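Heads up: the structure comes next, in structure tokens.
Labels below follow one simple rule: chain letters A, B, ... track the order of the sequence lines, proteins then strands, and each chain is numbered from 1. When reading the values below, keep in mind they use all heavy atoms of this one structure, side chains included, and skip hydrogens, waters and symmetry mates. Here the structure is a predicted model, which means the values were calculated and not measured.
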Number of protein chains: 2
Amino acid sequence: MASRAKATILDIAREAGVSKSTVSLVLQGSGLIRPETATRVRKAIEDVGYVYNRGAANLRKAHSNVIGMVINDLTNPFFAELAVGMERVFQAAGVVPFIANTAENPVRQEEVLKSLMEQGVAGLIVSPARGTTPGAFRRIEAAGVPIVFTMRRLPESRIPVIAPDNHRGAVLATEHLIRRGHRRLAFFGGSSDLIVYHQRLGGFIEACETLGIPASDRLIVEGETSRKGGMACLETALAAAQPPTAALCFNDAVAFGVMLALRKRGFEAGADFAVVGFDDVAEAEHYSPALTSVAVNTAGLGERAAHVMLKMIQSRTTRAEDHIGAVSLVVRESSGPDRNSQVGDAA
Amino acid sequence: MASRAKATILDIAREAGVSKSTVSLVLQGSGLIRPETATRVRKAIEDVGYVYNRGAANLRKAHSNVIGMVINDLTNPFFAELAVGMERVFQAAGVVPFIANTAENPVRQEEVLKSLMEQGVAGLIVSPARGTTPGAFRRIEAAGVPIVFTMRRLPESRIPVIAPDNHRGAVLATEHLIRRGHRRLAFFGGSSDLIVYHQRLGGFIEACETLGIPASDRLIVEGETSRKGGMACLETALAAAQPPTAALCFNDAVAFGVMLALRKRGFEAGADFAVVGFDDVAEAEHYSPALTSVAVNTAGLGERAAHVMLKMIQSRTTRAEDHIGAVSLVVRESSGPDRNSQVGDAA
DNA sequence: CGCTATAAATGGAACGTTCCAATAAATCAA
DNA sequence: TTGATTTATTGGAACGTTCCATTTATAGCG
């Protein structure tokens, strides 16, 4: 049963009494082969326990059917949701995506990209790790392998990006907080080496200025984009002379951390302090209190990225249009009105 | 800059004025090459934008440095944690793991395995999808590719398994609930086509029998292993004539669902109904109320699985010992005493 | 029957590496 | 100097596939 050396098409050919070329044609589903012959060959394939060697095949025909998905933080459920959206599209196209995690580490990212390239991937969908150097993808571009960035972009690069409208999302969320009567606002989490950070923070600031919140009433606290980071942000903010009464968080993970820290201090998110997240991961709806968040249609973005990639491969181009996905604010319990304010805006 | 046809070692050889063999040796870091020659070759490699073709190389030297990780549900943070543990080990060994998601679908799993095999992986770490047929891995075994199962096993297979002590974990959790005075107990979630289910349920039943809870006071509700499944389980249970006062859940996702459903009905987990989860995902500690759960040392299991795999590859064997990881119960807030019971056991 | 047209199957070169055996150059011992 | 040894380098065959150009078999037609 266990064959010593692995079988090749030559073994199949011998077994079925045909030539290797015939076997190859059967493998490719060519109509040139007489059905009975094809059946015989397929039986032989089963009998010898043949495994197709894609590496050998790629040697002749160039690109493969594998696409690499390089993700900066697999433990963030947001990225798992994104991956699921992509997989749906790829599966339908008969493409298998291989996922690799960089754990937000540019060195690891380098290794992962190298390995994927050596494997001969047809394309790469990447959410770059923080601190990725601008030149990190030059080699890959030069090799003519299509790349699509998701969620994050790099400073000066012509690689297409699929991302939500971060600026608009932050504006929506900030306006919401201000309409609820909050006058001292904070922006929690993230760090300025991320373009996404500037986009979201920019929306926050713009909304503040439009609606008359002066810079002196705004508090900006950078921090890790994790629960732990969120907890730290809240502690920092509460230590201020005039602490904020509401915060827009860089993402939902930070928001969960903030809510946790509030509870530890005996406060309740929504009643004592308003919290708004960003991304609207599945958990947001099921948290206690339920988290108000900016919904970015995560799975939809994943699908979009996959479609763009397939199109690029098909038309063998390395460029494509950016896609900025629409966002919406999902208001739940965590963003109640300021208790000292008369304004009881329901929306 | 963008080279038309991709460069090969022959191009490098021409560029550096050496033979292809020399280039190959440099690529492999052989000490046989004079340092100055090596430097010259390395420069040429940079200049022509060379990408190593692992497929071609594998044609000669058999096994590659890629390992496939096949996971049945990437959106369950538990598996992300498991993956992270594995990656730590593999990275140190210079191996790149490619992760593929089967979304609990045996057909998809088949495709994914096929693709991984065609790619020539050195080994496979698999958490099999529910409903996997016993023969699904026979071809792979026959091909001599080492496989390690994690978390789940298949009915009749000699493939090594790395998993927590599910039976013991369930016993610990159930004893805990009974000591807290609960006399009507439920087991929520999971389905009987999973061996893990029988292990955990078996522990539950054993503890009940040992401590004198009759079958008539036990309620077993199968269900999806997700939040939604947990919510449904609770609804079913509360509709019973003599509803339980405590439940051991198949995993943490189910437990979160149960707690959510409790809250929707105005009950509080821990005070009105005791809930215990299984797996102890990171979120359990940060939930409200914090979830009592059976800790399985997820990342540790991942590391262990990776180590076993590396050992198997190294010693080119296809067998290895099973590993049953120790478990412990982490008591938090969700598993308070039965309110009608006098027993106030603190442990 | 001979001829062409079509269908089915085939041999061989090529793809980009590795590795063995062989060569060439440098060093050493006598 | 010569042969032996060591150090660097090299050509060529092999790996398992694809695909082009052929060959062989089958059918069609007058």
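- Of all heavy-atom pairs between B/Ala16 and B/Arg40, the closest is O-NH1, 2.6 Å.
- Donor-acceptor pairing under 3.5 Å is lacking for the side chains of A/Glu111 and A/Ser115.
- Between A/Phe98 and B/Phe98, the ring-plane angle classifies as parallel under the 30° and 60° cut-offs.
- Judged purely by distance below 3.5 Å, without hydrogens or angles, the side chains of A/Ser19 and A/Thr22 pair a donor atom with an acceptor atom.
- Residues meeting the ring pair (Phe, Tyr, Trp, His ring centres under 6.0 Å) test with A/Phe78, sequence neighbours left out: none.
- There is a side-chain donor-acceptor pair under 3.5 Å between B/Thr132 and B/Gln109.
- Phosphate proximity of D/dT17 to A/Gln28: absent, as no side-chain N or O sits under 4.0 Å from OP1 or OP2.
- The residue A/Ser24 sits close to a base: some heavy atom pair falls under 4.0 Å.
- If you check every strand for non-hydrogen atoms under 4.0 Å, A/Ser21 touches a base.
- From one end of the helix from C/dC1-D/dG30 to C/dA30-D/dT1 to the other, with five pairs defining each end axis, the axis direction shifts by 50° (rounded to 10°).
- If you check every strand for non-hydrogen atoms under 4.0 Å, A/Ile33 touches sugar and phosphate atoms only.
- Here A/Leu25 lies in heavy-atom contact (under 4.0 Å) with a base.
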